[in-house]
Amino acid sequence: MKKTVQQLPDLGLGLGLRGEHFNHIIEHTPAVDWFEIISENFMDSGGRPRYVLDQIAEKYPIVMHGVSMSIGSTDELNFEYLKRLKNLAKAINPKWISDHLCWTGVLSLNSHDLLPVALNEESLQLITTKIKQVQDYLERPLILENPSTYLTFQQSTIPEWQFLKYMVEETNCGLLLDVNNVYVSSFNNEFDPVEYIEGLPHESIVQMHLAGHQHNGDHIIDTHDSPVVDPVWELFSLAWERTGGTSTLLEWDGNIPAFEVCHAELLKAKNYMNGFKKDKISESKIQKVAETVSNPIDFMVTNVAKDFVE
């Protein structure tokens, strides 16, 4: 019998499993509650990475987090990819499988990036249909993460938090709330991150992500290469309060420091699990000035791509 998202466990505080930390984890068995893997890093791999994963999976709960499902693409689902994903899940028995509300390519080409979706009734129908197909194939609920975005499509008619709510209601999928992504997107697209978190279906949030980012003055890039900033911690405190607490993970993917540094950053979460102060986040939530430019797409979008957003 398949579990519902409400039956999935609270795993505690976890870390993203990265190759730089393999030796430390195997040798020291650190006091981390669980690990999250990037599914694609292990779906087709053997040798030492898979050997290490198998050893870690014997001692810790594992969650699979993917970056290539492309649930928002107009292409048909890639069932060869889903087959490999399902085979890995059978081998390591993850607590759940997640991916992103995005598309990664079209016409069978993969951009290797998490591209934003136009949020409207047409895309909602497309995505909910695909989620149901994926859940039927994997025989488990799919958990989807809110992405970082750098622009707002003129074709978007539904706020992202409402889109996620409708998506959950239609499919019974779960949500992976990336708190850093909420902050990044709210700055780049000028919406209220508190309203975003308040508007989500909190009972369907299975997991949360925390990470660092790069602030470039008039835009923020989601980089996962630095500590979590205070406004993100404050948003996490709000999300923790609204969900009643759920599995929380720190991602660190660039300039990866020693394991102990990542672990210490993760443990800071304990300082924000008791009491959200709205006045504090209001002072720092976006730190904008009047001249800040929203949707700074020139730094990352080609002229061809601009035709679709102007």
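Hydrogens, waters and symmetry mates are skipped; everything else that's a heavy atom, side chains included, is used.
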Using modelled atom types only, decide if a donor and an acceptor are shared between the side chain of Ser247 and the backbone of Gln207 within a distance under 3.5 Å.
no

Partners meeting side-chain hydrogen bond (donor to acceptor under 3.5 Å, both in side chains) with Glu195 (sequence neighbours left out)
none

Closest heavy-atom pair, Leu114 versus Cys102, reported as atoms and distance to 0.1 Å, is CD2-SG, 3.7 Å

Whether over 12 other heavy atoms sit under 6.0 Å from Phe79 CZ
yes

Please enumerate all residues that pass side-chain hydrogen bond (donor to acceptor under 3.5 Å, both in side chains) together with Lys130, with sequence neighbours excluded.
none

Shortest non-hydrogen contact from Thr157 to Glu121?
OG1-N, 4.4 Å

Just verifying a value: how many Å separate Asn180 CG and His224 NE2, rounded to the nearest 0.5 Å?
6.0 Å

Ile71 versus Asp99: any side-chain heavy-atom pair under 4.5 Å?
no

Just by distance, no angles: are the side chains of Gln125 and Thr129 close enough, under 3.5 Å, to form a donor-acceptor pair?
yes

Go through Gln55 and Tyr51 one step at a time and tell me if the side chain to side chain donor-acceptor pair (under 3.5 Å) criterion holds.
CA-CA 6 Å; Gln55 283 193 298; Tyr51 170 75; 3.3 Å; yes

Do Thr152 and Asn189 have side-chain atoms, one donor and one acceptor, less than 3.5 Å apart?
yes

Quick one: do Glu40 and Val67 satisfy side chain to side chain contact (heavy atoms under 4.5 Å, CB included)? Show the steps, please.
CA-CA 7 Å; Glu40 289 78 3; Val67 293; 3.5 Å; yes

Do the side chains of Arg50 and Asp54 get close enough for a salt bridge, i.e. N-O under 4.0 angstrom?
yes

Would you say Asp33's side chain and Leu13's backbone share a donor-acceptor pair under 3.5 angstrom?
yes

Residues Ala89 and Ile97: closest non-hydrogen pair is CB-CD1, 3.9 Å

So do His263 and Val32 actually touch side chain to side chain, heavy atoms under 4.5 Å?
yes

What distance do Met167 atom CE and Leu119 atom CG have between them, rounded to the nearest 0.5 Å?
10.0 Å

Test side chain to side chain contact (heavy atoms under 4.5 Å, CB included) on Trp240 and Tyr272; report intermediate values, then the result.
CA-CA 8 Å; Trp240 183 268; Tyr272 295 87; over 6 Å; no

Give a yes or no on whether the backbone of Pro116 and the side-chain of Trp103 come within a donor-acceptor separation of less than 3.5 Å.
yes

Residues at least two apart in sequence or cross-chain that pass side-chain contact (heavy atoms from CB on, under 4.5 Å) with Lys165, listed by chain then number, are Glu169, Pro201

Sequence neighbours excluded, the answer for side-chain contact (heavy atoms from CB on, under 4.5 Å) partners of Pro147 is Leu101, Thr149, Glu160

Partners of Phe35 by ring pair (Phe, Tyr, Trp, His ring centres under 6.0 Å), sequence neighbours excluded?
Tyr60

Looking only at atom types and distance, does a side-chain atom of Asn146 sit under 3.5 Å from a main-chain N or O of Asp178, one as donor and one as acceptor?
yes

Find out whether Lys86 and Glu139 are in side-chain contact, i.e. whether some heavy atom of one side chain is under 4.5 Å from a heavy atom of the other.
yes

Heavy-atom count around Glu27 CD within 6.0 Å, excluding the residue itself: above 12?
yes

For Asn188 and His219 the tightest heavy-atom approach is OD1-CA, 3.4 Å

Separation between NZ of Lys90 and CG of Leu85, rounded to the nearest 0.5 Å
11.5 Å

Listed by chain and number, what are the ring pair (Phe, Tyr, Trp, His ring centres under 6.0 Å) partners of Tyr166, not counting sequence neighbours?
none

Out of curiosity, does Leu88 fall in the hydrophobic cluster containing Tyr137 (side-chain heavy atoms, cut-off under 4.5 Å, transitive links)?
yes

Main-chain N/O of Gly12 paired with Asp10 side-chain donor or acceptor, under 3.5 Å
yes

The criterion is ring pair (Phe, Tyr, Trp, His ring centres under 6.0 Å); which residues satisfy it with His24, sequence neighbours excluded?
His28, Phe259

Let me confirm one number: the NE2-CD1 distance from His215 to Ile220, rounded to the nearest 0.5 Å.
4.0 Å

Would you say Leu142 and Met69 make side-chain contact, with heavy atoms under 4.5 Å?
yes

Ring pair (Phe, Tyr, Trp, His ring centres under 6.0 Å) with His213: which residues, sequence neighbours excluded?
Tyr183

Exercise: identify the closest heavy-atom pair between Gln162 and Ile158:
CB-CG2, 3.8 Å

Hey, are the side chains of Leu200 and Thr243 touching, using non-hydrogen atoms and a 4.5 Å cut-off?
no

Starting from the C-alpha separation in whole Å, work towards a yes-or-no answer on side chain to side chain contact (heavy atoms under 4.5 Å, CB included) for Tyr150 and Ser148.
CA-CA 7 Å; Tyr150 305 93; Ser148 284; 3.9 Å; yes

Quick check: do Ile62 and Lys95 have side-chain heavy atoms less than 4.5 Å from each other?
no

Roughly how far, to the nearest 0.5 Å, is the CD1 atom of Ile197 from the CZ atom of Arg242?
9.5 Å

Side chain proximity check, Leu210 to Glu251, heavy atoms < 4.5 angstrom:
no

Testing the 3.5 Å rule here: is there a donor-acceptor pair between the side chains of His65 and Ser98?
yes

Apply salt bridge (Lys or Arg N to Asp or Glu O under 4.0 Å) to Glu265 and list each qualifying residue two or more places apart in sequence or on a separate chain.
Lys268

Distance only, no hydrogens: is a donor on one side chain within 3.5 Å (strictly under) of an acceptor on the other, for Asn120 and Ser123?
yes

Kindly indicate whether the side chain of Ile127, heavy atoms from C-beta on, has any atom under 4.5 Å from the side chain of Thr171.
no

Results of side-chain hydrogen bond (donor to acceptor under 3.5 Å, both in side chains) for Ser204 - residues two or more places apart only:
none

Start with the C-alpha gap between Asn23 and His21, add the side-chain angles, then the distance that decides, and say whether side chain to side chain donor-acceptor pair (under 3.5 Å) holds.
CA-CA 6 Å; Asn23 288 341; His21 298 150; over 6 Å; no

For Glu260, does the CD atom sit with more than 12 other heavy atoms under 6.0 Å from it, leaving out its own atoms?
yes

Closest heavy-atom pair, Ile131 versus Leu144, reported as atoms and distance to 0.1 Å, is CD1-CD1, 3.4 Å

Would Phe22 and Leu17 count as a side chain to side chain contact (heavy atoms under 4.5 Å, CB included) here? Give the steps.
CA-CA 8 Å; Phe22 280 177; Leu17 182 62; 3.8 Å; yes

Which ILVMFWY residues are connected to Leu249, directly or by a chain of links, through side-chain heavy atoms under 4.5 Å apart?
Val5, Leu8, Leu11, Trp34, Val63, Trp96, Ile143, Leu176, Val206

Drop me the distance from Asp253's CG to Glu20's CD, to the nearest 0.5 angstrom.
9.0 Å

Taken in chain and number order and not counting sequence neighbours, the residues that satisfy side-chain hydrogen bond (donor to acceptor under 3.5 Å, both in side chains) with Trp252 are none

